[in-house]
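Here the structure is laid out as structure tokens; the discussion comes afterwards.
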Amino acid sequence: MPGITAYGAYLPRRRLQRSAIAAANTWFDASLRGLARGERTMCSWDEDTVTMAVEAARDMGPATSVQALFLASTTHPFAVRQNAGIVTEALNLGRDLRTMDVAGSLRASTTALMSALDAAAAGTQAIVVAADRRKARAGSPMEMLSGDGAAALQVGTEGEIATLLGSATVAADFIDHFRASGDAYDYAWEDRWIRDEGWLKLVPQAVARALAKAGVEPPEVDRLIVPCHLRRVPEGVGKACGISAEAVADPMMSTVGQCGTAQPLLMLAAELASAEPGQIIVVTGFGQGCDALVFRVTDGISAAGPNRGVAGWLERRVEETNYSKFLTYCGVVEREYGKRAELDRSPALTAQYRNREGVTGFVGGRCKRCGTVQYPKAIYCVNPNCGAKDTQEPHPMADVPATVKTFTADHLVFSMDPPAYLGLVEFEGGGRTMVEFTEVDPESFDVGTPTSMRFRIKHVDERRGMRQYFWKAAPD
Amino acid sequence: MASGIRDKVAILGMGCSKFGERWDAEPSDLMAEAFEECIADAGIERSQIDAAWLSTAFDSVNVGPSALPLATSLRLGYIPVTHVENMCASGTEAFRGACYAVASGAADFALALGVEKLKDTGYGGLPARTRGVTNDLFSPNVSAPGAFAQLAAGYRGAHGIDKDDLKRAMAHVSVKSHANGARNPKAHLRREITHEQAIGAPMVAEPIGLFDCCGVSDGAACAIVTTPEIAMTLGETNVVTVKGLQLSVSNGEEIGFNSWNGAHFKTTRIAAQRAYEEAGIDDPRKEISATEVHDCFSITELVTMEDLGLADEGQAWKAVLDGRYDADGDMPCQIDGGLKCFGHPIGASGLRMLYEIYLQFHGRAEERQIDSMRYGLTHNLGGHPVQNVCSVAIVGHYDG
């Protein structure tokens with residue numbers, strides 16, 4: 001039976017306080033005060049859909065024998081250049097797999113999941129990742145209610161932790177919000193209409209059809225996932241479906257916000273973490289209609305678990321109250337970056353392709369003669385007592401823990417998050433390299449601090465619309 | 001080991017422009033200013049120069065590529081001219097080229113000229129630049145202070161030195177250089193500072209503050225070299241010769257192999273050892289009278305004292321605080337103000353260091369004059385502690 005075999009999540013560490021958004025904007029729109037509760041996740045400047053997707057997939061643990069990777073988002077960084085391909089190379093999944101970007105609607109993730117489960121039934125193990133970093137106008141309700149995040153699922157027919165019982169889609173060109181190609185911002189219609197004609201009608205239809213296919217009666221549902229940012233709507237949907245209010249999952253609006261395509265899978269990842277064998281979980285995805293999937297949790301649930309999972313990422317938080325920084329990172333305001341930021345770097349796609357394994361996959365070399373690990377992989381071994389030629393085998397280092405050997409906080413060099421922290425790290429089992437650090441707490445960061453490598457944006461080439469990804473070390 | 005070039009090359013003349021924010025000057029003006037002093041000092045005609053070397057580090061905001069800028073600015077006589085770049089050690093590279101030309105017999109008179117025009121960028125500090133398309137994919141974006149600040153952390157960690165003690169020693173380095181620079185009319189920064197100012201200055205890259213950083217300057221410096229025999233034929237009685245001239249370049253071990261402790265310059269140790277051997281120096285602490293080292297940052301100067309063997313490992317910070325390298329200490333360092341205050345027009349700096357040592361040997365250093373010079377040492381470093389280029393030059397009176 002096709003089902004979910006692993007799950008993972010990623011939430012950025014920064015949590016923008018909604019009170020900070022309100023403080024800057026209620027002079028214009030007093031109604032925002034009503035939304036100014038709790039916090040929302042917020043990408044740092046060096047995070048986007050692709051980097052979050054990589055981290056969510058890594059959160060599942062090492063991926064084995066994957067034959068497809070689907071990346072769902074409405075905020076793919078590249079319109080042309082397959083975003084799933086970047087994620088695949090960062091995860092070192094090899095070249096023998098199907099990769100695809102899925103987009104266009106907030107239910108892209110659930111649709112991708114349904115397609116992946118179909119593929120699984122046909123013998124293809126697939127990873128589905130959903131991530132969104134949605135851009136909203138300053139002072140808009142969407143700015144308040146959105147969050148940034150990602151979730152990943154692996155599906156297959158062996159070792160399922162939740163088996164698919166049935167699924168259904170209601171397709172309807174219901175335009176709660178839209179964004180034309182090339183535009184930066186969404187345009188939304190009235191919430192009350194979206195609630196009454198959208199969530200409360202389309203979702204129950206899809207759920208009813210999926211339950212019927214699964215042969216499950218509504219009262220048998222243990223968890224219902226309705227990724228809705230509107231207050232009390234998930235409960236309303238539950239009621240319309242004949243599912244009790246207790247079964248309705250927390251949409252995480254006070255801690256995370258609505259993470260677009262990622263939201264249904266994020267909520268599912270959160271539910272799976274506490275699920276019991278035999279439980280029935282219904283997942284819905286909403287956008288130009290509705291997808292609904294019915295799963296039964298298996299005995300395998302007790303064995304499997306993500307590295308951090310939603311709860312772990314939620315715990316790993318730092319409050320952000322600097323609304324100006326948020327606007328800057330979202331690209332909503334034009335900031336003066338100084339002349340040092342004007343440096344023009346060629347994207348050098350040829351060099352990028354030649355070095356993709358080292359740069360995107362963070363694969364170093366290990367000398368077969370002396371065992372020395374080195375990054376980057378080189379022709380001659382760096383060990384002064386060896387120096388052998390062409391002896392290095394690929395040595396993936398992204399998941400190898402590293403400790404800070406030297407570092408500084410550089411106030412002079414251009415950085416989107418000054419001061420720039422950088423320095424030398426040493427990897428467990430050998431190898432060292434100079435890295436940029438991210439997510440540094442100045443008070444606790446020092447020589448000897450344990451770090452993990454994170455896939456991040458290294459450089460944005462505004463002129464050509466290119467973004468360069470690389471790995472940075474983040475304190476554990 | 002090869003016999004080296006000890007006493008095979010004499011410095012016939014030197015020149016140095018005023019360093020500073022030379023808003024008025026083109027690179028060609030700076031080159032001419034240094035060259036006119038140099039050629040007058042050498043006492044030869046421009047047409048007698050057989051070959052020339054030009055050093056710069058930041059071509060794109062400076063003279064542009066190739067050797068043409070030197071040949072055209074000075075209207076050299078269609079002779080061989082070579083442009084060299086080895087980051088901040090470029091000046092000594094130009095000098096090395098000229099010395100080798102003379103030592104090999106390929107040239108009777110060779111010119112080495114370094115120039116840098118840094119103040120055409122529109123902002124302070126060194127120009128931001130790419131490190132090459134492939135390196136840009138991997139290398140952290142870092143400023144020079146950011147790279148060298150890590151040396152302070154590494155040094156402190158390796159020797160268990162208190163943060164405040166090290167910062168005090170770093171401040172002493174800068175206060176000393178400001179005192180020296182104030183007595184040098186060609187220096188960029190000519191104002192004395194106090195310890196309190198040095199310690200309290202705004203942080204650039206922890207623990208490097210503003211006064212731990214050298215000046216970013218426009219300037220040029222040059223040398224004309226020949227053989228000692230020709231120098232004497234021309235009537236030179238006080239012949240100053242090259243005793244040792246060595247270069248060591250990192251091969252990636254510091255940044256890539258888990259053995260370097262981050263607290264010293266491997267290249268400096270190797271280049272110094274080779275230079276002492278070439279010069280026949282057994283005890284540098286007794287035989288060297290003055291040093292001009294690459295004090296791009298105060299911590300660099302401090303650590304370099306150990307790497308040159310002029311202080312015990314882990315003890316330079318105490319020697320600094322004891323005043324050993326002050327103008328009135330045992331072995332003055334940066335008597336001309338150093339990179340710190342004379343300034344650091346990158347491609348010119350190695351030659352500027354030699355200029356001061358040369359003046360000292362000729363007794364022309366005015367109020368900075370050091371008594372009884374035996375050997376003078378210059379140390380010129382390019383790159384970052386984790387990966388760099390280091391040259392060490394030793395000069396002295398000709399005793400062939």
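So that the names make sense, note that chain A is the first sequence line, chain B the second, and so on, each numbered from 1.
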Residue from B/Ala153, B/Gly262, B/Gly154, B/Gly122 scoring the most non-hydrogen pairs under 4.5 Å with chain A is B/Gly122
Can you say whether A/Phe470 sits under 4.5 Å from chain B via the side chain, the backbone, both, or neither, judging by heavy atoms? side chain
Does a sphere of radius 6.0 Å around CZ in A/Arg369 hold more than 12 heavy atoms from other residues, nucleotides or ligands, not counting ones at 6.0 Å or beyond? no
Less than 4.5 Å apart, any side-chain heavy atom of B/Thr134 and any of A/Arg354? yes
Partner set under side-chain contact (heavy atoms from CB on, under 4.5 Å) for A/Thr406, not counting sequence neighbours: A/Leu424, B/Gln150
Would you give the length of the straight line joining atom OG1 of B/Thr121 to atom NZ of A/Lys339, rounded to the nearest 0.5 angstrom? 8.5 Å
Just how far is it from atom CG of A/Leu412 to atom SG of B/Cys213, taken to the nearest 0.5 Å? 7.5 Å
Separation of B/Ser139 OG from A/Leu422 CG (nearest 0.5 Å): 11.0 Å
Toward chain A, the part of B/Leu151 with a non-hydrogen atom under 4.5 Å: neither
Tell me, for B/Val386 versus chain A, whether the close heavy atoms (under 4.5 Å) come from the side chain, the backbone, both or neither. side chain
Looking at A/Gln468, A/Gln374, A/Lys458, A/Glu426, which has the largest count of heavy-atom pairs under 4.5 Å with chain B? A/Lys458
In terms of heavy-atom pairs under 4.5 Å with chain A, the winner among B/Asp136, B/Leu126, B/Val133 is B/Asp136
Does the side chain of A/Arg340 come under 3.5 Å of the side chain of B/Asn141 through a donor N or O and an acceptor N or O? no
Between chain B and each of A/Val435, A/Val382, A/Asp446, count heavy-atom pairs under 4.5 Å; write down the option with the most. A/Val382
Heavy atoms only, distances under 4.5 angstrom: which of A/Trp471, A/Tyr375, A/Tyr469 has the most pairs with chain B? Name it, please. A/Tyr375
Looking at every heavy atom in both B/Leu137 and A/Gln352, which two are closest together, and how far apart are they? CD2-OE1, 3.7 Å
Heavy-atom proximity to chain B below 4.5 Å, by part of A/Glu342: neither
Measure the CZ-CG distance between A/Phe427 and B/Asn258 for me, rounded to the nearest 0.5 Å. 9.5 Å
Interatomic spacing from OG1 in B/Thr130 to CG in A/Asp344 - rounded to 0.5 Å: 9.5 Å
Heavy-atom nearest pair, A/Thr408 first then B/Gly146, reads CG2-O, 2.8 Å
Per-residue tally against chain B (heavy atom, under 4.5 Å) across A/Ser346, A/Ala420, A/Gly423, A/Cys381 peaks at A/Gly423
Between the CD atom in B/Glu254 and the CZ atom in A/Arg432, the distance rounded to the nearest 0.5 Å is 9.0 Å
Winner by heavy-atom pair count (cut-off under 4.5 Å) against chain B, out of A/His459, A/His411, A/Lys472: A/His411
Residue, of A/Thr350, A/Asp410, A/Val447, A/Val373, that accumulates the most heavy atom pairs under 4.5 Å with chain B: A/Asp410
Could you have a look at B/Ala152, B/Ala128, B/Pro140 and say which one has the most heavy-atom pairs with chain A under 4.5 angstrom? B/Pro140
Under 4.5 Å between any side-chain heavy atoms of A/Asn355 and B/Phe138, yes or no? yes
Does B/Arg191 have more than 12 heavy atoms from other residues, nucleotides or ligands lying within 6.0 Å of its CZ? no
Residues, nucleotides or ligands: over 12 heavy atoms within 6.0 Å of B/Lys266 NZ: no
Enclosure of A/Glu334 CD (heavy-atom neighbours >12, cutoff 6.0 Å): no
